[in-house]
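Okay, structure first, notes after.
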2 protein chains.
Amino acid sequence: MAVTLKDIALRVGKSVTTVSRALHDFDDVSPDTKAEVRSIAEELGYIPNIHAQRLQSKHTDTIGFIMPTFGPRFSDPFFSEFLTGIGNQAAKMGFDLLVSTRPPGTMELQTYEKNVRSPRVDGFIIVRTRQDDQRIKFLSQMKFPFVAFGRMLDHNDYAYVDEDGEYGMGLITSHLTDLGHKRIAYLDAPGHFMFAHYRRQGFLDGLKENGMEINQDLMVTGDMTQRAGYQLATDLLTQESPPTAIVACNDLMALGAISAAQQLGLTVGKDVAITGFDNIPLAEHCHPPLTTVHQPIYQIGEMVCEMLIKQIRAESLEQEQIILQPSLVVRQSTLGPINTL
Amino acid sequence: MAVTLKDIALRVGKSVTTVSRALHDFDDVSPDTKAEVRSIAEELGYIPNIHAQRLQSKHTDTIGFIMPTFGPRFSDPFFSEFLTGIGNQAAKMGFDLLVSTRPPGTMELQTYEKNVRSPRVDGFIIVRTRQDDQRIKFLSQMKFPFVAFGRMLDHNDYAYVDEDGEYGMGLITSHLTDLGHKRIAYLDAPGHFMFAHYRRQGFLDGLKENGMEINQDLMVTGDMTQRAGYQLATDLLTQESPPTAIVACNDLMALGAISAAQQLGLTVGKDVAITGFDNIPLAEHCHPPLTTVHQPIYQIGEMVCEMLIKQIRAESLEQEQIILQPSLVVRQSTLGPINTL
DNA sequence: ATTCTAATCCAAAACGTTTTGGTTTTCAAT
DNA sequence: ATTGAAAACCAAAACGTTTTGGATTAGAAT
């Protein structure tokens, strides 16, 4: 069926060794032979058998990405953009990308283990770090290469890229207090997500710095979906003394909150200010456009992938740990009346 | 390093052959030996070397999915949901999923070729079929297994799942004409996408059936993003005699159109009706909620994946070609005034 | 003529598995 | 005692590549 080194060797009248070395441009093969081998390889349409190569060479030139998915109806713009970043960078550097989808938990960890031991991939990209992150613990302990998007509190001797969520949420808080908001609600994500931890911290610190009290009744938690944002915001806005601003810890929940406010007849930006975090593409073209904090998700995907591949190739990384300063994007969801066109 | 069959064989005092056959439950190994081999394999933490297996067995137990991405800032809820469907089903059936990201074009086709010839995967899932689809032509010609989400016009002797876009768009058109709309605009996707073809056809036929003229000025084309929907709808709604309804061929453009209408001070559902197609999760929780056509994207991902794996395993498919009837989801973007709470 | 060096080349081993084509052993039937 | 069949086992080949550790040849230097 497929063309092998042997076929080429037969045609050229040289050994398999020589053919292999010719194709790899070793210098103990004469220029003439190299040329001939290459032309015949081309002619026969030779493509190396990747499993033979991998069996021999002990590495897979593949990186693994296990997407933590929740429920079947899983849809998060974050992931398609991040995946595109990883995928393009991997291709650029000659690596394959093996993707699995697993809800966080035991099965997820087993998948890591199987892929490490097989060995199916050379390294992993980990996303949305968690408190007491089993994935990171496992891979660290196995000394298996990985790069994470996200820090951890206790255990930080690994390569990562992260955004400074504390700082970003500080920008949001200052922006809102500058506008005079006193009652600010917060749509939190489940506590075990590190990103939620930092963002929440930034919010709380921001309030304190601006001399405001923290009102526990206005701190609520959802599962990061638009649906959750809608639900939580509805509850908040229908209580007797509703907040004048709602800070969501991600854009999706913020979009849900916008719908909820509008459903209640409120004008977002005037009657209530709403902010997000991430700056997903949807944030710009919703109505009103969403004030949020920009995270370069695609670039982070590229960076993380590049760092991982360099680590696999045992090249030194200039920077093992990168924290990006996000920037505030002010749009109409926190400005004056918008129906003035 | 890693535990091999040889290690187990040494421990058990049997040959590598016997160990291999014991682990595969062949019946020419005694029950006692099987038990012993298994317990020692367990004890040593044996995991087969996947490359040796694949080199030997000639199949990869991996399916390929090459995501057609546009630009870096690529974000489409369709893909995260579809990918989750494929990923979960593949895992359930013991297959790996190799994902690449490529903008449609030459590089994309080369990626297919390389993966076929390496051979890196056992089959492909193809998504968003196109007129004169090079991917399908190539794989058909190579007799390489694949299943597509989408039909083609000319060449239809392959396995696919598709939604009946014509029918779905017919539902939309009837719904709008029932509501009395006379000037209906259409936000089309680029003509080479088959799904765009069927949906457009459904729209045009629907108009005709309801005795309406087709106004070419109201047919405009965008790149399926929210941004495009926003732009196109703004243009449409600011012309001297604007449409009373805008039909978008996908939800993302519809969401953009909603923003555009609202930016212009219009109340969507009252001043202008807007519809989408896909029923992405965002459609339910935007404001106003979007009238659209439901496509079970996650399930289609699962189905397509299962069909592909069955095809690879040379099991017979009950149905090689499946066309799903979508259903209309009427929400407030095509109803009366909504700010009435 | 001999030795040395550099330029080419290659047989065989190795990677870890599965499969092929057996062999050996045991025991019942003749 | 001999035959046959069934049960249990295994050496070697095969998959296609890379690497190891040389071998061969030609030409230059002695």
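The sequence lines fix the lettering, A, B, ..., with proteins before strands; numbering per chain opens at 1.
Closest contact between the side chain of A:Thr33 and the listed nucleotides C:dT17, D:dC15, C:dC9 involves C:dC9. With distances taken from any side-chain atom of B:Pro31 to the nucleotides C:dT18, D:dT17, D:dA8, the minimum falls on D:dA8. Proximity note for B:Asn49 (side chain, C-beta onward) versus D:dC10, C:dT17, C:dC9: the nearest is C:dT17. Checking C:dT17, D:dT20, D:dT18 against every side-chain atom of A:His24, the shortest atom distance belongs to D:dT18. Nearest nucleotide to the side chain of A:Gln56, out of C:dT17, C:dC10, D:dT17: D:dT17. Between C:dC10, D:dC15, D:dT17, one nucleotide has an atom nearer to the side chain of A:Thr4 than all others, and that is D:dT17.
If you take CG of B:Leu5 and P of D:dA11, they are 14 Å apart, rounded to a whole angstrom. Rounded to a whole Å, the CG atom of A:Asp28 is 15 Å from the C1' atom of D:dT25. What separates NZ of A:Lys34 from P of C:dT8 is a distance of 9 Å, to the nearest Å. Atom CG in A:Leu23 sits roughly 14 Å away from atom P in C:dC9 (whole-Å rounding). As rounded to whole Å, 15 Å separates atom P of D:dC10 from atom NZ of B:Lys6. Atom pair A:Glu36:CD and C:dT8:P shows a separation of 14 Å (rounding to whole Å applied). Summarising the geometry, the separation between NE2 on A:His51 and P on C:dT17 is reported as 15 Å, rounded to the nearest angstrom. Following rounding to the nearest Å, B:Phe26 (CZ) and D:dA7 (C1') show an atom-to-atom distance of 16 Å.
Projected onto DNA chain D by closest heavy-atom contact, A:Arg21 and A:Tyr46 fall at different nucleotides, the more 5' of which corresponds to A:Tyr46. Where B:Gly13 and B:Lys58 each meet DNA chain D at their nearest nucleotide, the meeting point lying more 5' is that of B:Gly13.
Under 4.0 angstrom from either OP1 or OP2 of D:dT17 there lies no side-chain N or O belonging to A:Ser20. Taking 4.0 angstrom as the limit, A:Thr18 places none of its side-chain polar atoms (N or O) nearer than this to OP1 or OP2 of C:dT8. Neither OP1 nor OP2 of D:dC9 sits under 4.0 Å from any side-chain N or O of B:Ser15. At C:dG16, none of the side-chain N or O atoms of B:Gln53 fall inside 4.0 Å of OP1 or OP2 (strictly under the cut-off).
Contact of B:Thr17 with D:dA11 (side chain to base): a donor-acceptor pair of N or O atoms is detected under 3.5 Å.
Judged by the 6.0 Å and 45° rule, B:Arg128 forms a cation-pi pair with B:Phe78.
B:Asp27 CG: 12 or fewer foreign heavy atoms inside a 6.0 Å radius.
Looking at B:Asp122, its side chain does come within 3.5 Å of a backbone N or O of B:Thr60 through a donor-acceptor pair.
Checked options A:Phe195, A:Phe193, A:Tyr158, A:Tyr160; the residue passing with A:Thr129 is A:Tyr158 (criterion: side chain to side chain contact (heavy atoms under 4.5 Å, CB included)). Partner of B:Phe124 under the ring-ring contact (aromatic ring centres under 6.0 Å, His included) criterion, chosen from B:Phe146, B:Tyr112, B:Phe149: B:Tyr112.
Taking CD1 of B:Ile50 as the start and CG of B:Leu55 as the end, the distance is 13.0 Å to the nearest 0.5 Å.
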